[in-house]
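A short worksheet on the structure shown next.
Just so we're on the same page: letters track the sequence lines, and every chain starts at 1.
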Amino acid sequence: MARMSRMVTTRIAPSPTGDPHVGTAYIALFNYVWARKNGGRFIVRIEDTDRARYVEGAEKQILNMLKWLGLDYDEGPDIGGPHAPYRQSERLDLYKKYAEELVRSGWAYRAFETPEELEKIRKEKGGYDGRARNIPPEEAEARARAGEPHVIRLKVPRPGTTEVRDELRGTVVYDNAEIPDVVLLKSDGYPTYHLANVVDDHLMGVTDVIRGEEWLVSTPIHVLLYRAFGWELPKFYHMPLLRAPGGAKLSKRTGHTSVDYYREQGILPEALRNYLSLMGFSMPDGREIFTLEEMIEAFDWKRVHVGAPVFDWEKLVWMNGKYIREVLSLDELAERVKPFLEAAGLDWRSDAYLKKVLELMRPRFETLKEFPEKARYFFTDDFDYEEKAVKEIQKGAEILRELKGLLESLPDFRPATTEPAIKAFAEERGLKLRKVMQPLRAAITGRLATPGMYEMLEVLGKDTVLRRLDRALKLIEA
RNA sequence: GGCCCCAUCGUCUAGCGGUCAGGACACCGCCCUCUCAAGGCGGAGGCGGGGGUUCAAUUCCCCCUGGGGUCACCA
């Protein structure tokens, strides 16, 4: 009864230790989808319990990333909620209280070894040997009261076994001999992940823990903690780890892990989100391009594959191109592209003009960053001529001079006007069309690969075209 | 190394005992064509190995191999 009435609640619990990681975005996505699928809640909780690795501003970046991807959350550090605060550093008293409770109930004990001693024990025994279990409780309490630095460790019941059920893999039985007496509360009063995570997940009503596979082997620790507290277990789902092309898990060493990097490269949030969805999940009908809403609609854990996928930049870029040319509206695309034009120092005159250019360029760039690079000549006369373009202008100089006369004489630059005129021009001289087009293309754009000539002439306009023709001809004379 | 997870084209995947093993990216060719793309059509490319179970294994079981994860007062 109580179990059935629990609203599905998921969370993403990132550590503010650096740039917002694509792995975090990936896990957040599945947490978000599962919560929405069930009409439940999605929480963001900041796990800032490692003072050494804390990075100023990282929390803000993470929250921005989630918003950028469209993964809105119901509770979080910046918006609050019924279980505030959502930063673990602001919940220290809670963890201490629960750790002490475990000491009293016999599920945990105080240990007084120094880091140096631990290092020595690790070398000799291969890990902590639980020696502080032998300290009589009264003595341990006395030492603690006297202010002796110490940690609180989980007293793993031994011998014994602990069963862990992963919803994606089934049940795994762990021999408790393999489960270490992990530190729950550090000597600085901060909790470790294990304690803080379990306490908060319980207090915040998290019903479904969706996290990276890196946590799979420490799940028995968490199961033991739930049992020690007498709390109901959540369901566990361990998502595969994203891998770099080499094979190892995606890391700063093996690839680009920062979502900010992808954003800067001109990847659309929709495309990144869609691509990440494909890492393990597939639509029943095999569709690869789909919205968040469509994913939520179709989502089923049965369709999640746990083999670790390689994060492939090539396919991400292809998908980004697909969004640019087929999914976004021209208006949306124009808005997305503006910051990149600005960054390149380009001015687009008017939205109407920008959209006309975009219409022509849409099938010809795959990242927003590419647009200013490939379409520069639409916005300024200040562009370079490719080496091959210069040659093309030289070869076609005679043709260009004659062509200039023709273009000048045209009443307008609509395709309906320019196309027959240029074709007739070529035919009269017995020239293949390309013998006319390539020099012209090179002269007015500085490159050999551009959108179709007639559309381009219309967009650029007569003045610009004639001006550039003159300039190109002068260029080769010099 | 111990323990744990995983295993279909190069990559992402569909498959849930009987399929010509399907799709997507990338690659190659053709078409379209003023260039380059986009688009359309076609091609090449895969069930890691060995045992079982079964009339029948990509599919179920076991072993091996391979890959990954984890063994902190980091998460």
Review point. In terms of side-chain heavy atoms of Arg303(A), which of C5(B), G15(B), C74(B) is nearest?
Key: G15(B)
**Study point:** Closest to the Tyr454(A) side chain, choosing from C34(B), U13(B), C5(B)
**Key:** C34(B)
Review point. OP1 or OP2 of C12(B) less than 4.0 angstrom from a side-chain nitrogen or oxygen of His305(A), does that happen here?
Key: no
Point to revise | Nearest-angstrom distance from the residue atom CD of Glu213(A) to C1' of G67(B) | key: 11 Å
Study note, to complete from the structure: Which of U70(B), C3(B), G23(B) is nearest the side chain of Glu288(A)? It is G23(B)
**Study point:** Donor on one side chain, acceptor on other, Tyr323(A) and Asn274(A), under 3.5 Å
**Key:** yes
Review point. Can you tell which of C34(B), C73(B), A26(B) lies closest to the side chain of Arg122(A)?
Key: C73(B)
Point to revise | Pairing partner (Watson-Crick or G-U wobble, both distances under 3.5 angstrom) of G66(B) | key: C6(B)
Point to revise | Ring centroid separation Tyr262(A) to Tyr275(A) under 6.0 Å | key: no
Exercise for review: Return yes if the base of A26(B) and the side-chain atoms of Lys315(A) contain a donor-acceptor N/O pair under 3.5 Å, otherwise no.
Suggested key: no
Check your understanding: Across all strands shown, which nucleotide pairs with C71(B) by Watson-Crick or G-U wobble geometry, both distances under 3.5 Å?
Key -> G1(B)
**Study point:** Rounded distance in Å - CG (Leu216(A)) to C1' (C3(B))
**Key:** 11 Å
Review point. Which part of the nucleic acid, if any, lies within contact of Arg434(A), taking any heavy atom under 4.0 Å across all strands shown: a base, the sugar-phosphate backbone alone, or nothing?
Key: sugar-phosphate
Check your understanding: For Pro16(A), which contact category applies under a 4.0 Å heavy-atom criterion: base, sugar-phosphate, or nothing?
Key -> nothing
Review point. Picking from A14(B), C5(B), C12(B), which would you name as closest to the side chain of Leu278(A)?
Key: C12(B)
Review point. Do you know which two heavy atoms are closest between Ser282(A) and Arg303(A), and how far apart they sit?
Key: O-NE, 2.7 Å
Check your understanding: What nucleic acid atoms does Met319(A) come within less than 4.0 Å of, heavy atoms only: base, sugar-phosphate, or nothing?
Key -> nothing
Exercise for review: Starting at atom OH of Tyr323(A), determine the distance to atom P of C25(B), rounded to an integer number of angstrom.
Suggested key: 15 Å
Review point. Nearest to the side chain of Ser15(A), which nucleotide is it out of C73(B), C34(B), A75(B)?
Key: A75(B)
Review point. Lys186(A) has a side chain; which of A75(B), C12(B), C3(B) sits nearest to it?
Key: A75(B)
Practice item. Assign Thr17(A) to base, sugar-phosphate, or nothing according to its heavy-atom contacts below 4.0 angstrom with the strands shown. Key: nothing
Study note, to complete from the structure: When Trp215(A) and Leu241(A) are each assigned the nearest nucleotide of RNA chain B, the 5'-most assignment goes to Leu241(A)
Check your understanding: Any side-chain donor-acceptor pair under 3.5 Å between Arg441(A) and Gln438(A)?
Key -> yes
Practice item. Could you tell me the separation between the CD atom of Glu117(A) and the C1' atom of A72(B), rounded to a whole number of Å? Key: 16 Å
Point to revise | Nearest-angstrom distance from the residue atom CE of Met361(A) to P of U35(B) | key: 17 Å
Exercise for review: For nucleotides G45(B) and C27(B), find the distance between their C1' atoms and express it as a whole number of Å.
Suggested key: 10 Å
Practice item. Select base, sugar-phosphate, or nothing to describe what Gly286(A) touches, counting heavy atoms under 4.0 Å on all strands. Key: nothing
Point to revise | Spacing of Arg253(A) atom CZ relative to G68(B) atom C1', expressed in whole Å | key: 19 Å
Exercise for review: Taking only Lys NZ, Arg NE, NH1 and NH2, and the carboxylate oxygens of Asp or Glu, determine whether Glu427(A) and Lys423(A) approach each other closer than 4.0 Å.
Suggested key: no
Exercise for review: Would you classify Arg447(A) as touching base, sugar-phosphate or nothing, given that sugar-phosphate means primed atoms plus P, OP1 and OP2, and contacts are heavy atoms under 4.0 Å?
Suggested key: nothing
Exercise for review: Specify the separation, in whole Å, of atom CZ of Arg169(A) and atom C1' of G68(B).
Suggested key: 11 Å
Practice item. Over 60° means perpendicular and under 30° means parallel, so classify the ring planes of Trp215(A) and His222(A), tilted if in between. Key: tilted
Exercise for review: Using a heavy-atom cut-off of under 4.0 Å over every strand shown, decide if Gly307(A) touches base, sugar-phosphate, or nothing.
Suggested key: sugar-phosphate
Practice item. Report the relative orientation of the aromatic rings in Phe30(A) and Phe299(A); use parallel for angles under 30°, tilted for 30 to 60°, perpendicular for over 60°. Key: perpendicular
Exercise for review: Using the ring pair (Phe, Tyr, Trp, His ring centres under 6.0 Å) rule, collect all pairs that involve residues 144-183 of chain A, keeping only residues at least two apart or in two chains.
Suggested key: Phe112(A)-His150(A)
Revision key, fill the gap. Mate of U59(B) across any strand shown (Watson-Crick or G-U wobble, both atom pairs under 3.5 Å) is none
Revision key, fill the gap. Here the gap from Lys462(A) atom NZ to Thr418(A) atom OG1, rounded to the nearest 0.5 Å, amounts to 11.5 Å
Review point. For C32(B), which nucleotide in any strand shown is its Watson-Crick or wobble partner with both distances under 3.5 Å?
Key: none
Point to revise | Among C34(B), C74(B), C25(B), the nucleotide that comes nearest once only the side chain of Met453(A) is considered | key: C34(B)
Study note, to complete from the structure: For A21(B), the nucleotide meeting Watson-Crick or G-U wobble distances (both under 3.5 Å) is none
**Study point:** Asp412(A) and Thr417(A) side chains, donor-acceptor separation under 3.5 Å
**Key:** yes
Exercise for review: Any chance you could list the contact pattern along nucleotides 36-47 of chain B? Use B for base contacts, S for sugar-phosphate-only contacts and - for none, protein heavy atoms under 4.0 Å, 5' to 3'.
Suggested key: BBSS--------
Review point. Looking across every strand, which nucleic acid part, if any, lies under 4.0 Å from Val151(A) by heavy atom: base, sugar-phosphate, or nothing?
Key: base
Review point. Base, sugar-phosphate, or nothing for Leu118(A), non-hydrogen atoms under 4.0 angstrom?
Key: base
Practice item. Report yes if at least one side-chain N or O of Arg243(A) is closer than 4.0 Å to OP1 or OP2 of G67(B); otherwise report no. Key: no
Practice item. Considering just the side-chain nitrogens and oxygens of Arg287(A), establish if one lies under 4.0 Å of OP1 or OP2 belonging to A14(B). Key: no
Practice item. Would you tell me if any nitrogen or oxygen in the side chain of Thr192(A) comes within less than 4.0 Å of OP1 or OP2 on C73(B)? Key: no
Review point. Want to settle it: does Ser282(A) or Glu178(A) sit nearer the 5' end of RNA chain B, counting the closest nucleotide to each?
Key: Glu178(A)
Review point. When you measure from the side chain of Lys249(A), which nucleotide among C34(B), C3(B), G69(B) comes out closest?
Key: G69(B)
Practice item. For the pair Tyr26(A) (side chain) and Met279(A) (backbone), establish whether a donor and an acceptor sit closer than 3.5 Å, ignoring hydrogens and angles. Key: yes
